[in-house]
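Just so we're clear, the structure is a prediction, and the values are computed from it rather than from any experiment. All chains are named by letter (A, B, ...) in the order of the sequence lines, taking the proteins before the strands, and each is independently numbered beginning at 1.
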Amino acid sequence: MESIPVEHGLILAAILFSIGLIGVLTRRNIVFVLMSLEIMLNAGGLAFIVGASRWGHAEGQIMFLMILTLAAAEVAVGLGLIIQMFRRYKTVDINVLSEMKG
Amino acid sequence: MDITLADLIPLLPLLVTTGTAVVAMITIGIKRDYGLTAVITIIGLLFAALSAAYLMPNTNSQVTPLMVVDQYSLFFTVVTCATAMFIAIFSYSYLANLDDHKEEYYLLLVIATIGAIVMVSSNHFVSTILGLETLSMSLYGMVAYPVHVKKPLKFPLEASVKYLVLSAAASGILLFGIALIYAQTGTLEFASVVNVPNITEGLDDGFTITALVLVFVGIAFKLSLAPFHMWTPDVYEGAPLPATTYLATIGKAAMFVVLLRLIEASEALTFNSFILVISLVATASILAGNLLALFQRSLKRVLAYSSIAHMGYLLIAVVASYFVQGSISVEAVTIYLVAYMIMSAGAFGVATVASSSEQEFDRIEDYKGLFWRSPWLAAVFTAMLLSLAGIPLTVGFIGKFYIFFAGVEAALWILLAVLIVGSGIGLYYYLRIVYCMLLAVDVEQKFDIALGRNISSHAVLVFLLVLLIGFGVYPAPLMAMIETISTYI
Amino acid sequence: MILVWLIGVLFLGGIIAWLSERLNPNYPRLIALITVLLDLVLMLTLLGAEPAIGGWVAAIDAPWIPRFSISFYLAADGLSVLLLLLTAFLGVIAIGSAWDEIKVRAGFFYFNLLWTLAGVLGVFTALDLFLFFFFWEVMLIPMYFIIAIWGHENKNYAAMKFFIFTQVTGMLMLVSILMLAYFHYLQNGFVSFNYHDLLTVETRGPLEMWIMLGFFIAFTTKLPSVPFHSWLPDAHSQAPTAGSVILAGILLKTGAYGLIRFAVPLFPEASKSFAPFAMTLAAISILYCAKVAFAQTDIKRLIAYTSVSHMGFVTLGVYAWNEQALQGAIMTMLAHGISAAALFMLAGGLQHRIHTRNMLDMGGFWAKVPRMAVVVLFFSIAALGMPGLGNFIGEFLALLGAFRANIPLTVISAFGLIFASVYSLWVIQKVFHGEYTNSEFDDSHLTDLTHREMVYYATMIIGLIWMGMYPQSFLALSQPVLLDLISSTEEIVNIVVQN
Amino acid sequence: MQDLIWLLPTYPVLGFFVLVLTAGRLPKNIVAIIGAGSVGLSFFTAVIIATQFLSSGENYFIKEVWTWMAVGNFSPGFNFYLDGLSLVMMLVITGVGFLIHLYATGYMADDPSYSRFFSYMNLFVAAMLMLVLGDNLVVLYLGWEGVGLCSYLLIGFWYINPDNGYAARKAFVVTRVGDTAMALGLFLLFTELDTLNIQDMLYAAESEWEVGNDLAVAAALLLLGGAVGKSAQLPLQTWLPDAMAGPTPISALIHAATMVTAGVYLIARTHILFELAPSVQELVGWVGLITLLMAGFIALTQSDIKRILAFSTMSQIGYMFLALGVGAWSAGIFHLMTHAFFKALLFLASGTVILSLHHEQNIFKMGALRQKLPVSFFSFLIGSLALTAFPYTSGYFSKDEILIAAHGLEGPGIIFFYGGVLGAFLTGIYTFRLFFIVFFGDSNAAHPPEKEYGGWNMNGPLILLMILSLVGGFIAVPLDPVFGHHEEHHVSGLLHGFMIAVPLVGIAISFLFFYTKTFSVEKLMSNTFAQTLHKFWNNGWGFDWLYDRFIVFPFLWLARINRADIVDGFYTLIVEISRTANVMIVKTQTGYLRWYALSIAAGLLLLITIGVLL
Amino acid sequence: MIALFYIAAIIAVIATVAVILQTNIVHGLLYLILSLLAVAVIFYVLGAPFAAVLEAIVYAGAIMVLFLFVIMMLNLGQHTRDQERSWLTPRGWIVPSLLAAVLLGQLVNVMSQIDHELIPAQIGVMEVSALLFGPYVLAVELASILLLAGLVAAYHLAKTK
């Protein structure tokens with residue numbers, strides 16, 4: 001009675017992952033893009049926790065910790081880049097970064 | 001499973017590298033000195049390489065679940081550290097006039113190397129992710145390094161943002177895939193995904209394949225395989241040359257080693273559809289990479305596109321590994337990776353030697369008449385390009401020979417046909433560059449290529465050339481070594 | 001060991017020639033000449049050498065890449081020796097033709113020239129297929145440089161085309177070699193690239209045809225034969241004279257050599273069933289390229305197309321695979337090597353003098369340059385197969401042998417003899433006959449052949465007459481080799497047929 | 001002494017090399033001595049050898065010099081074979097050849113390329129000697145091609161005029177068509193009989209093939225192909241009239257006396273093969289007949305003095321072919337010899353006329369030359385009489401033999417006979433048409449001759465040839481051992497009288513038309529039918545037109561439209577495809593981050609779909 | 001407990017959708033925090049209290065605050081909001097959404113074949129820590145290096161020269 005189907009946890013992660021993906025694909029504001037990336041990473045973390053729960057392992061949680069770490073680092077670097085970008089272009093529009101092509 | 005003192009010995013290269021990072025950091029903290037930092041880095045990497053080489057003959061241990069230190073990983077540790085050292089040497093003169101703090105660059109370079117070492121020694125998803133992200137994180141910094149300069153050469157910022165966003169998305173995909181695999185197998189180690197106790201009986205292969213494809217796509221992005229390749233030229237072009245070199249050599253090789261170990265351990269190729277997926281990606285990469293490069297005028301972009309194609313060639317050997325007995329395809333991948341690192345480092349090295357952080361010579365026309373202005377540099381460049389094209393006398397041919405051999409043994413006729421077509425197209429753009437260098441000099445001296453300015457970089461070029469030709473003409477020792485280490489995969 | 005010396009001397013000489021340019025711009029050509037002459041002398045010792053087992057002289061077999069049992073295996077038999085001599089001889093001639101023409105970066109030029117020759121020598125003597133392929137590719141690079149640096153107006157295109165054609169088809173051959181080696185592995189438990197080992201590989205069935213095709217395409221591209229010939233006119237017309245000499249005189253012969261040495265003996269059965277098709281290609285080459293040659297206005301392109309046409313007789317002869325036909329193919333190789341080289345030199349000399357290759361701008365040169373006219377006449381006559389000169393022996397024997405194998409195709413190919421007269425005489429008419437009217441070019445340098453040039457042409461003329469009047473000295477060298485090849489393939493084919 | 005037979009071609013070859021290597025630096029008289037002298041030496045040697053041979057009583061003699069090539073069982077050698085047939089040929093070639101050389105020393109005296117001329121001539125004589133003396137078909141082929149080459153070189157001797165070049169190339173290419181057929185014949189013979197030594201081959205053929213064997217027919221046909229090419233017989237006759245572009249001694253030597261009769265020699269030499277293929281032998285007769293008639297009609301309409309002689313040559317060779325076709329081998333060769341005398345005479349005489357008239361060749365611009373050019377006049381008179389087979393001139397005997405032999409043949413023999421007679425009639429007309437127009441009537445010359453051109457070196461040969469033309473018919477040719485003794489044919493006296501009379505009627509008609517002008521040519525030409533016929537004949541029965549339309553123009557057209565080589569177009573297409581693909585795929589590199597991200601997502605979706613569904 | 005899972009899940013999904021639909025960046029951030037907290041609840045339900053806590057503290061707390069700082073630094077005003085509105089056109093949405101939807105469909109399809117009830121086992125701090133400082137101690141060290149890399153890179157990039 002006290003149980004949740006594994007697939008539901010995974011599907012939730014997939015939904016969040018997809019939403020994050022949509023965010024990355026549609027938003028032109030780079031801050032939102034970064035946030036969407038966080039959603040994707042978080043969805044991955046969720047999937048690991050589901051896995052950990054299914055196997056009764058702590059390993060999934062450790063992986064989650066690592067994701068947390070890398071998300072933090074990524075956000076730090078990403079925000080640093082956003083600051084530089086805003087300084088240079090005075091906008092957060094990601095499309096200004098299209099000078100290289102071909 | 002706890003770490004013991006005995007475990008530290010196999011980790012020596014990693015420790016030396018980390019120590020180098022720490023020492024460099026402390027030095028920077030005490031007094032900023034560009035030269036000193038560079039020297040510390042170079043010596044540190046040299047020792048790391050030497051220690052790995054020293055350990056190589058008789059080390060084969062699993063250090064904690066995370067890292068496997070066997071001959072194969074040590075071999076690539078040597079290669080990685082050596083390449084990183086070369087890039088550090090190239091960087092020295094390149095960055096010498098950068099109008100900014102330059103010391104952190106070396107710090108990032110060393111940390112990136114740590115990530116790479118972890119990756120080549122990884123047979124566990126946790127260490128894979130950590131190594132990969134350490135490498136990537138440092139590369140974000142390296143790619144965008146000259147961002148503060150008033151008039152940056154190219155677009156390091158744009159390159160870095162593109163790389164970061166897309167790479168993070170790819171990491172997300174990779175992680176999600178790993179999570180699915182974990183959900184199925186219950187372990188984060190590289191383990192077979194075939195015939196494991198499934199979540200329930202009756203779960204068909206679709207789940208496994210989906211998970212594998214997600215992981216593969218995450219890796220394919222890093223290897224810039226088509227159709228996940230589009231970031232490559234932009235990032236290569238925007239990044240400063242040494243960072244591009246790093247990205248193109250160590251970034252690719254470390255990731256490929258992971259892919260190789262993962263595919264071998266997971267037995268993913270038992271799924272026919274997964275073979276199909278890899279074959280398609282290989283085909284697309286070879287064709288897209290070569291076609292994109294055809295009329296490209298930027299040298300870095302040409303090399304970026306060509307790297308796409310080269311990764312495609314490598315995938316052929318990966319596919320072949322399922323069909324052939326023995327380790328020939330692993331050897332093929334290994335030797336091709338080594339060859340690719342030598343020739344890429346050499347090709348970018350020439351450009352690096354010619355350029356500086358103030359002005360990069362990136363257009364092919366910049367090298368017009370180089371053969372007569374600086375025969376030496378042009379000779380190195382030509383050799384590297386011919387090697388990339390897979391012409392004999394160079395190690396690139398030996399690599400291609402192996403891939404052909406693996407392909408023939410595995411009877412992958414279609415992929416071989418693609419390989420031949422791709423190589424044929426490839427010849428065009430490599431020769432285009434060579435031809436440009438052969439043209440008579442009718443432009444004023446574009447750049448100063450005085451030998452004395454950066455003698456150490458030239459020394460590295462000499463070394464790379466010797467390796468290129470040496471292994472091209474007498475590859476037996478290299479082959480013997482690779483044959484031995486390949487049994488560890 | 002002498003074979004290693006032959007190749008090594010050229011490699012070394014090339015490097016010295018390159019470096020010597022710093023001392024004096026005239027040194028490189030001198031050094032190159034001395035090097036090739038030295039090689040020629042060394043080669044002559046091969047003629048006197050006692051053949052070891054199996055008729056191979058001066059074999060050297062050293063392990064090279066043990067992983068694949070690849071060895072550094074060089075050996076020469078009569079066939080190789082003939083081609084080696086041709087190579088060295090034309091090497092000397094090529095240096096002669098470059099003597100005054102190449103002034104810019106002469107050191108690097110002679111370096112490339114000598115390295116090309118070295119590669120060719122390797123091709124003619126390698127008995128390990130990996131080594132063979134190695135040399136096969138190695139000779140391309142310096143040739144590429146020769147065309148790309150010292151070529152004419154459209155050199156980039158020509159050099160690129162040359163390189164890509166030969167390289168891509170070379171890769172097909174590599175695949176075939178590897179398949180063969182792999183078959184050897186399946187049958188004998190170890191990989192081998194050794195020629196003698198691979199001869200014993202039994203690759204019957206559909207795959208044999210495919211493997212053979214890999215070789216065939218690579219060789220017929222180099223030869224070249226329709227439909228893989230279209231790189232040649234460009235390469236020839238754009239290359240500097242010495243480049244054309246080497247290309248037409250020697251490089252094309254590597255393809256023919258490959259057919260004789262590898263393509264047929266390794267796959268006797270497939271070759272047998274493929275022969276009608278190959279001979280058809282040959283016939284098409286002969287006629288089609290003769291026709292296209294006639295239409296050309298660029299004199300070098302014209303000669304290039306005639307080369308394709310003449311090499312068709314080689315293919316025809318090889319696939320007829322009997323003694324007369326093979327001897328014909330070999331004699332054609334030798335004689336065409338000299339006659340085509342001479343014609344290219346003459347065309348190059350003409351271009352050097354008046355800076356055009358367009359025949360429409362020429363005419364009536366006989367009065368201006370009578371010696372040159374006579375020499376051109378001689379080589380044109382030789383090229384159209386005049387009895388008494390080397391080319392006749394080759395083509396006659398090739399057709400004679402081919403007649404036994406396939407009458408209709410031989411009849412069709414024989415029409416090439418008529419076509420050859422059409423275009424050869426057309427050149428004479430267009431360039432030397434008619435009235436001398438000059439409006440298109442500066443004729444102040446239109447001078448007759450110098451004495452030095454005359455010496456080169458004289459040696460080549462003597463060579464052709466020798467071949468034409470007493471070909472026995474050449475036939476005798478290749479005869480045992482051919483008999484051996486023929487009997488060995490027949491054995492295999494017969495066994496298969498019995499099975 | 002017979003062993004020295006190899007010296008025969010060697011002298012002229014040496015002469016050739018000396019002249020070529022000195023490259024025109026020798027004074028003209030030395031060149032003349034070398035050029036004519038080498039052939040003279042050959043003639044001298046030939047005469048000695050001939051006497052020895054005839055006195056030895058042997059039927060043949062072989063001298064082996066060296067093996068040319070030995071490939072398997074194929075081993076032709078440079079061997080000389082002397083029998084009656086080659087003896088005749090050898091003497092004709094060296095003898096007439098020497099006279100013509102001598103004549104040429106005068107004729108070409110003003111030409112700047114004097115030495116080049118004699119070098120070619122010498123080479124020709126050498127090649128011709130190889131042709132007739134070789135004991136195997138390969139050496140014969142060597143000579144065969146060699147004479148073709150020299151013919152080419154000498155027709156195009158005055159290279160400044162492109163027409164000469166065209167004529168030269170036409171001659172070479174058209175004969176090469178025949179040569180190629182002959183080469184194929186050689187291949188066939190060797191493949192079937194394993195030897196190309198003529199005597200061995202014939203012996204083998206005789207013993208292996210029965211009469212009418214398909215292979216024999218094929219081989220004979222192919223050899224006939226070579227023969228008609230070289231001898232300007234139908235259908236490869238078109239080159240000969242144009243070949244008159246060369247200097248006149250060339251026309252005399254090559255295109256009248258020697259080379260063009262090589263076809264006759266070839267067939268005679270391999271007559272056993274033709275006897276094995278009776279259908280082909282009959283074809284030879286038909287070819288000869290048709291050619292002789294056709295050429296006769298054409299000659300009626302020509303106005304160029306040399307072209308008239310050329311067509312008459314063609315016609316006379318037709319007689320020789322006719323002779324071969326009816327099996328009168330000896331008669332054919334006999335006619336070959338007499339023809340060599342009188343046709344050389346006619347050509348050389350015409351040379352004198354032309355030179356004296358400052359290179360005028362149109363007979364209607366001549367006239368009334370009888371007094372001014374007495375030597376030419378007599379030469380022409382005797383030559384023409386011999387040509388029309390006036391009784392007891394040399395031509396009379398040989399033509400007589402041929403016609404009688406034709407008459408004696410079953411089947412088509414009677415057609416051959418009356419055709420031959422008709423040809424003789426035509427010969428009478430056109431020969432004396434030329435004679436009367438040139439030497440009688442009014443002078444139409446733009447530059448009337450001041451004096452007759454030529455000294456002893458030109459007139460001497462003319463006189464000698466006159467004598468030979470008159471009495472040559474009495475020479476007994478030693479051909480019986482070669483061809484075997486054939487039964488003598490006889491015709492009734494009446495028929496014989498008819499044969500003799502017909503050419504005389506022809507002469508008479510000419511006389512009435514062109515001397516007395518009793519009949520007017522203009523009147524004859526007044527109706528359209530006659531005009532059309534005239535035009536048709538004048539254009540050589542339209543053969544040139546036909547060949548141009550169906551062979552030359554299509555070839556040129558093909559060459560023109562495919563100058564750029566359509567095969568290359570295929571590779572260009574590949575390049576274009578790559579280029580287009582590049583343009584298209586480069587567009588995907590937009591530089592927009594979101595687009596890149598989209599591509600990753602799309603790629604992911606695609607791969608998952610493929611992976612899961614397939 | 002089960003109900004909690006589904007409620008939290010629905011909240012998480014809605015909040016996440018709201019994030020990517022927002023034009024106001026600060027609102028978006030707040031929704032993101034809501035989403036993260038909902039996920040933290042799910043973690044708790046799934047028997048991973050340690051992860052839940054970290055999710056709340058580190059993710060929703062620290063990292064989001066970092067975002068907030070930067071947003072404040074950039075000081076994006078009304079202009080940006082208007083711009084955002086103009087960017088969020090259906091044309092821009094439709095293709096990525098379809099793509100993501102199909103992808104999701106694929107994932108759900110393969111996942112729904114799983115038929116495993118999971119009875120959440122409690123994996124507390126003890127177990128995680130034991131593992132973390134046992135066999136995975138190397139991971140901890142490597143994570144520190146990863147953070148160092150991030151630190152150095154971020155420091156270098158974000159600084160004002």
Side-chain angles (χ1 to χ4, degrees), chain A residues 2-12 14-23 25-29 31-32 34-36 38-39 42 45-46 49-50 52-54 56-62 64-66 68-77 79-84 86 92-93, chain E residues 1-2 5 9 12-13 16-17 19-20 25 28 32 36 39 42-43 46-48 50-51 54 58-59 63 66-67 70-71 73-74 76 80 84 87 92-93 96-97 100 103-104 107-108 111-112 114 116-121 123 127-128 131-132 136 139 143 146-147 149-150 153-154 157-158:
Chain A
E2 283 277 298
S3 62
I4 304 157
V6 171
E7 69 265 31
H8 288 191
L10 289 178
I11 287 171
L12 176 64
I15 292 171
L16 292 180
F17 184 82
S18 304
I19 296 171
L21 189 60
I22 294 174
L25 296 183
T26 50
R27 299 308 301 246
R28 277 172 74 172
N29 186 329
V31 184
F32 273 106
L34 215 56
M35 279 156 68
S36 304
E38 293 306 309
I39 296 171
N42 190 42
L46 173 59
I49 296 293
V50 173
S53 184
R54 182 250 178 273
H57 283 167
E59 275 176 335
Q61 293 197 32
I62 287 175
F64 170 75
L65 281 180
M66 297 306 148
L68 208 60
T69 318
L70 83 90
E74 215 142 56
V75 164
V77 177
L79 288 174
L81 283 170
I82 289 175
I83 291 168
Q84 284 301 334
F86 195 75
V92 284
D93 182 3
Chain E
M1 284 293 265
I2 300 168
F5 173 83
V13 171
T16 316
V17 170
V19 174
I20 61 165
I25 203 158
L32 183 54
L36 293 173
V39 172
I42 290 170
F43 285 178
L46 290 176
F50 185 49
L54 283 181
V58 179
Y59 230 135
I63 299 178
L66 201 57
F67 264 103
V70 171
I71 290 164
M73 240 174 96
L74 300 182
L76 304 168
T80 318
E84 289 289 333
W87 286 343
W93 278 101
S97 305
L103 187 63
L104 181 62
L107 291 175
V108 170
M111 285 167 182
S112 59
I114 306 171
H116 187 95
E117 300 291 299
L118 111 153
I119 300 146
I123 306 157
E127 287 95 329
V128 177
L131 209 55
L132 205 53
Y136 285 86
L146 169 61
L147 284 171
L157 295 178

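- Here E:P96 is the residue among E:A149, E:G150, E:P96, E:A12 with the most heavy-atom pairs under 4.5 Å with chain A.
- Counting heavy-atom pairs closer than 4.5 Å to chain A, the top-ranked of the candidates E:V108, E:V128, E:I25 is E:I25.
- In this structure, A:N29 CG and A:S36 OG are separated by 9.5 Å, a value rounded to the nearest 0.5 Å.
- Checked against side chain to side chain contact (heavy atoms under 4.5 Å, CB included), A:H8 has the following partners two or more places apart in sequence or in another chain: A:I4, A:P5, E:F5, E:Y6.
- Put simply, CG on E:L46 and CZ on A:R54 are 13.5 Å apart, with the number rounded to the nearest 0.5 Å.
- In this structure, chain E has heavy atoms under 4.5 Å from both the backbone and the side chain of A:I11.
- Proximity to chain E (any heavy atom under 4.5 Å) is shown, for A:L34, by both the backbone and the side chain.
- Contacts of E:V13 with chain A are made by both backbone and side-chain atoms, with heavy-atom separations under 4.5 Å.
- Interface remark: A:E74 contributes no atoms to any contact with chain E (heavy atom separation under 4.5 Å).
- Heavy atoms closer than 4.5 Å to chain A are found in the side chain of E:L103, but not in its backbone.
- The OG1 atom of A:T26 sits 12.5 Å away from the CH2 atom of E:W87 when rounded to the nearest 0.5 Å.
- With a threshold of 4.5 angstrom between heavy atoms, A:I19 approaches chain E through its backbone and through its side chain.
- Put simply, of E:I42, E:I71, E:L132, E:L107, the one with the most heavy-atom pairs under 4.5 Å next to chain A is E:L132.
- Contact of A:R27 with chain E is made through the side chain alone, with heavy-atom distances under 4.5 Å.
- For chain A, the nearby parts of E:V17 are the backbone and the side chain; heavy atoms of each come within less than 4.5 Å.
- For a residue to count as touching a neighbouring chain, one of its non-hydrogen atoms must lie under 4.5 Å from one of that chain's; by this rule E:L66 touches chain A with backbone and side chain alike.
- Using a 4.5 Å heavy-atom threshold, the side chains of E:F50 and A:L65 count as touching.
- The distance from the OG atom of A:S18 to the CG atom of A:L25 is 10.5 Å, given to the nearest 0.5 Å.
- Here A:I22 contributes atom CD1 and A:F17 contributes atom CZ; the two are 11.5 Å apart, rounded to the nearest 0.5 Å.
- For E:E127, the side chain to side chain contact (heavy atoms under 4.5 Å, CB included) partners are A:A58, E:I123, not counting sequence neighbours.
- Considering only heavy-atom pairs separated by less than 4.5 Å from chain E, the leading option among A:L70, A:V50, A:D93 is A:D93.
- Of the inter-residue distances, the one linking E:F43 atom CZ with E:L36 atom CG reads 9.0 Å to the nearest 0.5 angstrom.
- In this structure, the portion of A:L21 lying under 4.5 Å from any heavy atom of chain E is its side chain and not its backbone.
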